[in-house]
Amino acid sequence: RERLGLAPGRPLVLVSMGGVPPRFEAVERWQKLEEVDFVVPVGAERAERRGNLLLLPHRTPLDHPDLVAAADCVVGKLGYSTVAEAFAAGTRFAFLPRPRFRETAVLERFVRRHLPVLALDPGEFADGRWVERLPALLAAPRPAPGDASGAAVAARAIESLLER
């Protein structure tokens with residue numbers, strides 16, 4: 001948060017669409033939550049501050065998992081990487097389901113079991129109404145960081161297959 005130039009103690013919401021440049025049409029609704037800082041990676045050509053909204057360029061020296069770890073809440077697509085990062089950081093998660101993707105049902109069950117979540121309707125996200133429900137999600141206790149040792153588990157499983 002210090003590297004972002006954000007005041008400590010203020011809620012930080014990371015709005016990330018997995019590297020896809022977002023088109024947000026209702027940021028003025030976000031800005032009504034003056035006590036919350038919103039950070040959007042891939043949101044501008046260069047870092048740009050607009051009140052409580054910080055837009056970051058695609059090529060920022062800050063790694064996405066570090067941004068997730070700094071956030072009190074992540075808002076994003078229900079995709080594997082975003083879910084894994086939110087779980088590892090132990091952060092709240094407001095998500096857009098992706099019903100055309102096979103993994104959606106499994107990922108949704110996972111986040112509902114392990115994180116305080118808020119499922120967002122695409123229309124609600126597009127017009128910014130979701131920010132009206134954000135304070136309740138931010139009030140939920142932050143979970144402990146999850147065990148993110150999946151690579152070690154996978155390596156042991158592969159190793160056991162090779163030993164046969």
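The analysis underlying the following values was restricted to heavy atoms, covering all of them including side chains, and did not include hydrogens, waters or symmetry mates.
Remark: side-chain polar atoms of Asn52 are not paired, donor with acceptor, to backbone N or O of Phe38 under 3.5 angstrom. Between the Thr104 side chain and the Pro97 main chain, no donor and acceptor come within less than 3.5 Å of each other. With Arg92 contributing its side chain and Val117 its backbone, the two residues share no donor-acceptor pair below 3.5 Å. Judged by distance alone, the side chain of Asp63 and the main-chain N or O of Pro65 form no donor-acceptor pair under 3.5 Å.
Under a 4.0 Å N-O distance rule, the pair Arg50/Glu48 qualifies as a salt bridge. With respect to Asp72 and Arg1, a salt bridge is recorded, a charged nitrogen being found less than 4.0 Å from a carboxylate O. A salt bridge between Arg112 and Glu108 is present, with a side-chain N of the basic residue lying under 4.0 Å from a carboxylate O of the acidic one.
Annotation for Met17 and Val75: closest pair CE-O, 4.2 Å, computed over non-hydrogen atoms. Closest non-hydrogen pair, Pro57 versus Ala47, comes out as CD-N, 3.5 Å. Contact record, Pro41 with His64: CG-CD2, 4.2 Å, taken as the closest heavy-atom pair.
Using cut-offs of 30° and 60° on the angle between ring planes, the pair Trp30 and Trp130 is perpendicular.
For an aromatic pair to be called close, the ring centres must be under 6.0 Å apart, and Phe110 with Phe87 satisfies this.
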